[in-house]
Protein chains: 2
Amino acid sequence: MALTQLTVVDTAVDILQQFGLADLSMRRLAKELDVQVGALYWHVKNKQELLAQVAAKLLNTPALAVRAEDFASPGEAVLQLMRKLYLALLPIQDSPEVIEVASAMQVKDLQPVLLLRSLLQQAGLDAERACFGQQLLLNHVLGSVAYRQNLIQLDVASEESDGYDWGLQRAVAGLLSPACATAQD
Amino acid sequence: MALTQLTVVDTAVDILQQFGLADLSMRRLAKELDVQVGALYWHVKNKQELLAQVAAKLLNTPALAVRAEDFASPGEAVLQLMRKLYLALLPIQDSPEVIEVASAMQVKDLQPVLLLRSLLQQAGLDAERACFGQQLLLNHVLGSVAYRQNLIQLDVASEESDGYDWGLQRAVAGLLSPACATAQD
DNA sequence: ACCTGAACACCGTTCAAGT
DNA sequence: ACCTGAACACCGTTCAAGT
């Protein structure tokens, strides 16, 4: 197995899924690939860039696609996309941290994020507001996933609702309500 | 200056404010206090617990208090509290990470968080929903602060709005709208 | 009770030197 | 072009031994 950018990123995804971010070190990754640590730096610039690519691998999957035409309204499509995102990220340890790194690096090709913005525009928000709404909803998934993963990790994974879905519905309602002409100006 | 829990935490807060979380290591902290690293572990259990105490120090300040009686409605008080929180956290480097550690450790005495929940209840939400609403709004501040701190750090601190306030208004509207009888059941 | 000294088991990144 | 070996400058945590 030749050492390429692809194998490096894929192995990183593997380690993340199986052992979490704490175990995803450059040295551990090198060991898994049977090379010296330095060799990795021929294929990726640094750890941050590697994590951004890991995030892209996690999010750019057809499983997270949603077609607006399949729903009664764009709002319904938004809800569906957000629910898929939550369920996809929940089983991947520390996924919120990884995705925050990617967002921080201005990674532009996270498909579900672009899709979310586009759906919000289809629902009637202008470009700027779609962007703000995207932020609100993204903050909510990542925050909720992080919160729940933490509960799971440090004790019982209480079966009861964590409020993600309720908060999501209220947020989407707030974003798309007809009273959306900004309250103050 | 005797080495106590208090001085350790206060010095940690100092380092965080001046240099950020990356520089807040146990070794750096020990150097600042002119002691060996091991000495710190007599006064704090570990780094995680230290960070939780740092978060508490940051949040449990009278500057972040808001009295419901001073506003036309509980909803207005919520908006005000959230705006104060945002402005208070923005200048403190990596404050969202630090606060997430505290929340993760189930720290119960973060006053602005308790206040937020209480205001949501005063606005008419039942206990469970107030808790969910608190989550939504907290996710939004922490996410927005992290996002903005990142922009500041890696280039221009664009003066234009980051959408925090618009998202906040829409979220609060969604939470407190009269159509709050859950849409689906 | 409180602190030192020193160790243990790690990190990310760089770079001359090899092939 | 791609990789090794080895170094540099760090981490958090523990613990016998000192005072």
Side-chain angles (χ1 to χ4, degrees), chain A residues 1-55 57 93-94 97-102 104-105 107 150 153-154, chain B residues 1-55 57 93-94 97-102 104-105 107 150 153-154:
Chain A
M1 179 165 90
L3 191 61
T4 65
Q5 241 214 46
L6 227 159
T7 57
V8 170
V9 175
D10 282 350
T11 309
V13 171
D14 263 31
I15 295 176
L16 180 70
Q17 306 225 34
Q18 290 184 44
F19 309 101
L21 194 55
D23 281 53
L24 177 42
S25 67
M26 298 304 271
R27 300 177 116 97
R28 172 74 189 274
L29 186 51
K31 203 161 284 176
E32 214 79 24
L33 288 161
D34 274 310
V35 290
Q36 295 300 109
V37 221
L40 298 176
Y41 287 84
W42 190 264
H43 297 98
V44 297
K45 200 167 135 261
N46 50 37
K47 192 179 180 181
Q48 217 180 96
E49 204 216 33
L50 172 65
L51 289 182
Q53 287 182 258
V54 168
K57 264 263 154 68
Q93 281 192 63
D94 309 297
E97 269 116 311
V98 176
I99 288 166
E100 266 154 34
V101 170
M105 296 187 69
V107 175
N150 208 276
Q153 187 177 8
L154 58 75
Chain B
M1 177 165 89
L3 191 61
T4 66
Q5 241 213 46
L6 227 159
T7 58
V8 171
V9 175
D10 282 350
T11 308
V13 171
D14 262 32
I15 294 176
L16 180 71
Q17 305 225 35
Q18 291 185 43
F19 309 101
L21 194 54
D23 280 54
L24 177 41
S25 68
M26 297 304 272
R27 299 178 116 97
R28 173 74 189 274
L29 187 51
K31 203 160 285 174
E32 215 79 24
L33 289 160
D34 273 309
V35 291
Q36 293 301 108
V37 222
L40 298 176
Y41 288 84
W42 189 263
H43 297 98
V44 298
K45 201 167 134 261
N46 51 37
K47 192 179 181 181
Q48 219 180 92
E49 204 217 32
L50 171 65
L51 289 182
Q53 287 182 257
V54 168
K57 264 261 154 67
Q93 282 193 63
D94 310 296
E97 270 116 311
V98 176
I99 287 165
E100 266 154 33
V101 170
M105 295 187 70
V107 176
N150 209 276
Q153 187 177 9
L154 58 76

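Just so we're on the same page: letters track the sequence lines, and every chain starts at 1.
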Engineer: To the nearest 0.5 Å, how far apart are CG in L24(B) and CD in Q93(B)?
Structural biologist: 11.5 Å
Engineer: Rounded at 0.5 Å granularity, tell me how far CG in N150(B) sits from CG in D94(B).
Structural biologist: 9.5 Å
Engineer: Please state how far atom NZ in K31(A) lies from atom C1' in dT4(D), giving the value in whole angstrom units.
Structural biologist: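 These atoms are roughly 15 Å apart.
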Engineer: Of V35(A) and A22(B), whose closest DNA chain D nucleotide lies nearer the 5' terminus?
Structural biologist: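 Result of the comparison: V35(A).
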Engineer: Taking the side chain as C-beta and beyond, is there a heavy-atom pair between V101(A) and V98(A) under 4.5 Å?
Structural biologist: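 Side-chain contact under 4.5 Å: no.
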Engineer: With rounding to the nearest 0.5 angstrom, report the OG1 to CG distance, T7(A) to D14(A).
Structural biologist: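 Output value for this atom pair is 11.5 Å.
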Engineer: Taking 4.0 Å as the cut-off, does a side-chain nitrogen or oxygen of W42(A) come that near to OP1 or OP2 on dC2(D)?
Structural biologist: yes
Engineer: For nucleotides 12-19 of chain D, read 5' to 3', which letter fits each nucleotide if B means a protein heavy atom sits under 4.0 Å from the base, S means only the sugar-phosphate is that close, and - means neither?
Structural biologist: BBBB----
Engineer: Decide yes or no for L21(A) and L51(A): does some side-chain heavy atom of the first lie under 4.5 Å from some side-chain heavy atom of the second?
Structural biologist: yes
Engineer: Output the rounded distance in Å from CG (L33(A)) to P (dC2(D)).
Structural biologist: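 Distance, rounded to whole Å: 16 Å.
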Engineer: If I pick the C1' atom on dA17(C) and the same atom on dC2(D), what distance separates them, to the nearest angstrom?
Structural biologist: 13 Å
Engineer: Give me the distance, rounded to whole Å, that separates dA9(C) from dC10(D) when you measure between the C1' atoms they each carry.
Structural biologist: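 About 14 Å, rounded to a whole number of Å.
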Engineer: Could you tell me if the side chain of D23(A) sits less than 4.5 Å from the side chain of Q18(A), heavy atoms only?
Structural biologist: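 Q18(A) vs D23(A): side chains apart.
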Engineer: Dot-bracket for DNA chain D, 5' to 3', with Watson-Crick and G-U pairs under 3.5 Å, [ ] for crossing pairs and | for other-strand pairs: what is it?
Structural biologist: ||.|||||...|||||.||
Engineer: Just so I know, are the side chains of M26(B) and L50(B) near enough to count as touching, which here means a heavy-atom distance under 4.5 Å?
Structural biologist: yes
Engineer: Got K57(A) and L6(A) here, is their nearest side-chain heavy-atom distance under 4.5 Å?
Structural biologist: yes
Engineer: If only side-chain N and O atoms of H43(B) are considered, is one of them under 4.0 Å from the OP1 or OP2 phosphate oxygen of dA1(C)?
Structural biologist: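 Indeed not, no polar side-chain atom of H43(B) lies that close.
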